[in-house]
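Single-structure report; data block below.
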Amino acid sequence: MEKAHKGSPIALPDYTGEGPARGDTARWRLTVRGIVQGVGFRPFAYRLARDHGLAGTVANTGCGVVIEIEGPLPNLKAFLHRLQADSPPLARMTSIHKEAIAAHLDLSEFRILESDSGGKRTAHISPDVATCPGCRNEVFDPCDRRYRYPFTNCTACGPRVTIIEAVPYDRPLTSMKAFPMCRDCSQEYHDPADRRFHAEPNACPVCGPRLSWHVSSGDRISVSDPIAEAARALKEGAVVAVRGLGGFHLAADATSQSAVGRLRRRKRRRVKPLAVMVKDLAAARRLARVSHEEAALLTSPEGPVVLLVREAGVRLATNVAPNVRDVGIMLPHTPLHHLLFAEEDAPPALVMTSGNLSGEPICAGNTEALERLAGIADFFLLHDREIVTRVDDSVARVAGGRLRLLRRARGYAPRPMAVTWRLPSLLACGADLKNTFCLTRGKEAFFSQHIGDLKELATLNHFEESVEHYAALLEISPKGVVHDLHPDYASTQYALRCPLPRKAVQHHHAHAVSVMAEHGLIGPVLALILDGAGYGGDGTVWGGEVLLASAYRFQRLARLAHVPLPGGDSAVREPWRMGLALLWTILGPDALEEACLPPFMRALPWRERQVVVEMMATGFNSPLTSSCGRLFDAAAAILGLAHLSDYEGQAAMELESLAWEAHSGGQKWWAGRENHWGRDANLRREGGLWIADVKGPALGLLADVRGGVSPPVIAYRFHAWLVRSLTSICKRLSGETGVKTVVLGGGCFQNMLLLDGLLEGLTEAGLVVYVGEEVPVNDGGLSLGQSVVGGNLLGGAVS
Ligand code: ZN
Ligand code: ZN
Ligand code: FE
């Protein structure tokens with residue numbers, strides 16, 4: 001059977017059967033749950049019923065799609081089989097409930113009913129979907145009535161969650177209600193054989209949303225073709241704010257150093273890598289190495305930004321992603337983007353970064369964007385379809401042949417995750433950086449899109465609004481609230497203001513359970529958590545731990561040795577402080593002696609160094625940390641990278657990129673022994689806890705720097721040491737506990753070299769290893785783990 005998403009209307013076989021024989025006729029009610037609304041499910045059911053000569057009805061309800069179907073039993077069975085086997089590409093059925101009901105026998109046809117908006121709602125909401133090939137062809141077909149129409153969509157593609165105001169998903173409850181359909185569109189919309197049958201955002205140049213072109217003051221300039229105008233402005237080096245599906249992008253010519261520089265200066269983004277959009281897969285291959293899996297991801301309906309290894313000597317301005325190996329590339333995901341790249345003037349690659357001020361949520365409304373982005377954009381390419389929910393681009397990569405989402409947003413959220421545990425209705429508030437939240441309903445976890453950094457007031461407001469919006473859409477009224485153990489997190493403060501039973505979950509326990517939840521692991525597991533920082537509750541900052549974890553509780557088995565964190569948060573922004581802290585642990589007061597220090601540290605003002613050393617010596621504002629992320633910062637600083645951090649994880653990313661230069665590939669690359677870096681897993685026992693030495697590698701680093709070993713080789717040795725030691729720690733703990741399953745979590749696993757090495761090392765040691773795929777390993781994945789731990793602990797108390 002031809003699938004419903006493939007372009008032109010499907011020829012329906014004429015049903016010439018004799019109708020249901022009375023003897024073996026039955027009537028079934030099928031309740032289909034999952035993502036089945038807004039994905040062409042009803043027309044699919046309609047065609048299937050016609051194919052099998054069945055009568056009945058199909059309707060969208062708050063509980064999913066309800067099909068009542070009547071006819072000969074063999075036909076019913078065949079219908080049910082194909083309903084599951086041939087479902088539309090975007091549908092995600094989570095369950096089909098079948099119930100035999102009394103036959104009517106008065107029905108002769110199959111009909112699609114108007115939506116029933118009453119009843120208990122357990123509906124799901126589809127994410128937005130990148131333009132399908134059928135729609136793209138129409139947009140470029142001069143004979144088509146949608147030729148060059150930038151808002152073309154169908155049941156297989158287009159906006160969804162970003163336009164939905166309430167469920168059930170029907171046009172009057174979306175921001176498309178402002179655009180009454182013309183006759184042609186209405187005909188398509190009502191024709192069950194058309195691929196736009198009940199395509200809620202259906203529109204055309206006659207009746208649908210339109211573009212407009214504005215200068216930075218906001219004044220509208222009347223032009224015949226805003227897209228051609230935008231292409232020309234971009235070619236001339238302008239920064240253009242482009243309104244998209246879930247918010248604004250700031251676009252600039254990615255091949256022009258000066259255009260990118262202008263965008264960076266105005267957005268106050270010194271070196272943070274910027275995402276790039278190119279016309280198609282062939283263009284992506286000109287910039288980066290693209291594997292088979294990566295190509296599939298780039299062209300998928302989700303269409304994330306994919307982190308790819310940059311090809312040497314490509315025509316991309318060097319300031320797009322300075323000092324890092326990868327470049328984030330995405331393909332056009334709306335007809336507007338396709339049309340923009342088809343313009344002769346369009347640059348071959350565009351920076352397309354979130355249209356926001358650093359740290360704030362992405363702009364969605366026209367007025368808001370004109371106000372907030374006025375100092376950044378030279379021009380605005382606007383449209384008049386309102387964005388109800390802000391959704392950023394997703395960021396993904398492929399590692400170990402699997403998808404690894406680093407930021408879960410457009411295309412993925414708010415697709416639910418099925419979890420093993422039946423949870424009470426809860427809100428889990430997530431972490432403060434890379435915030436996401438999670439609402440639960442039974443065995444489903446609705447894990448929000450990337451919200452951002454809650455330290456910004458605007459982002460905190462976005463968080464609060466989003467929680468309310470999703471709770472209303474999904475009709476979940478939380479009976480409890482779960483938050484991080486950190487008392488100062490804005491998300492914790494929010495939870496404390498909720499008049500509901502609460503549960504605090506330790507940060508790294510939540511990281512571990514996020515991985516368990518995604519992979520359906522009950523535990524106990526060994527959780528190797530390598531992270532930036534997490535509140536430990538013992539006065540130290542955690543971030544390099546092995547936990548024995550279940551969905552209820554955890555026990556800390558091992559950690560990295562402590563290093564002071566001089567100045568607390570300022571040590572995170574200024575990695576040189578961590579460099580000095582690590583040297584101080586081996587040199588003591590000698591860390592102030594010029595002769596002892598690597599060149600880069602020597603160049604720092606003596607007075608600043610002295611203040612930091614004094615802080616550490618007295619313990620003033622110098623909490624101890626076992627953080628692996630901070631150890632990366634320290635190593636990077638000793639090598640002279642990232643003196644000050646412009647974005648989270650910068651030092652570690654630069655260190656990783658450097659290490660790849662010395663990486664020759666091959667199996668067990670990490671196994672080489674640099675003895676002066678210390679024995680593998682130099683462990684000591686302290687109060688029931690294994691402590692992994694960091695002095696060995698600190699001495700190794702210093703000796704290598706003094707010995708003139710090249711920085712890429714030193715960076716590489718650092719990674720190899722980590723893989724070797726962590727592998728042997730896990731091996732030992734597995735032997736002690738008898739647990740053979742290891743989950744990897746925490747932001748450090750965004751590092752591909754570390755992840756590859758540990759996957760290989762741990763597997764070789766006979767352990768079974770799991771790591772986040774659709775759930776980010778960084779704090780973006782935290783809320784899922786929180787909801788499972790909190791749900792299990794609060795349990796019956798709130799249900
Ligand atoms: Zn389409
Ligand atoms: Zn129309
Ligand atoms: Fe974390």
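The basis for the numbers below is simple: all heavy atoms, side chains too, and nothing from hydrogens, waters or symmetry mates. Every number for a ligand or one of its atoms is a count from 1 in the order of the listing.
Side chain to side chain, His511 and Asn778 fail the donor-acceptor criterion of an N or O pair below 3.5 Å. Side chain to side chain, Ser787 and Thr440 fail the donor-acceptor criterion of an N or O pair below 3.5 Å. A side-chain donor-acceptor contact under 3.5 Å links Glu200 and Tyr189.
The nearest N, O or S atom of His508 is not closer to the Fe ion (ligand 3) than 2.8 Å.
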- side-chain contact (heavy atoms from CB on, under 4.5 Å) between Asp538 and Arg556: does it pass, once the steps are laid out? CA-CA 12 Å; Asp538 62 353; Arg556 194 186 193 197; 3.5 Å; yes
- Going through the checks in order, is the ring pair (Phe, Tyr, Trp, His ring centres under 6.0 Å) test met by His509 and Tyr552? CA-CA 9 Å; His509 186 208; Tyr552 294 82; 9.4 Å; no
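Protein N/O/S atoms found under 2.8 Å from the Zn ion (ligand 1), listed by chain and residue number: Cys132 SG, Cys135 SG, Cys154 SG, Cys157 SG. Protein N/O/S atoms found under 2.8 Å from the Zn ion (ligand 2): Cys182 SG, Cys185 SG, Cys204 SG, Cys207 SG.
The pair Glu138-Arg195 meets the salt-bridge criterion, with a side-chain N (NZ, NE, NH1 or NH2) lying under 4.0 Å from an Asp/Glu carboxylate O. Note on Arg410 versus Glu302: no salt bridge recorded, every NZ/NE/NH1/NH2 to OD/OE distance being 4.0 Å or above.
Among the heteroatoms counted here (N, O or S) of Asp779, OD1 is the one nearest to the Fe ion (ligand 3).
Angle OD2(Asp531) to the Fe ion (ligand 3) to NE2(His507): 100° [nearest 10 degrees].
Between Leu211 and the choices Leu382, Ile227, Val242, the side-chain contact (heavy atoms from CB on, under 4.5 Å) rule is met once, by Ile227.
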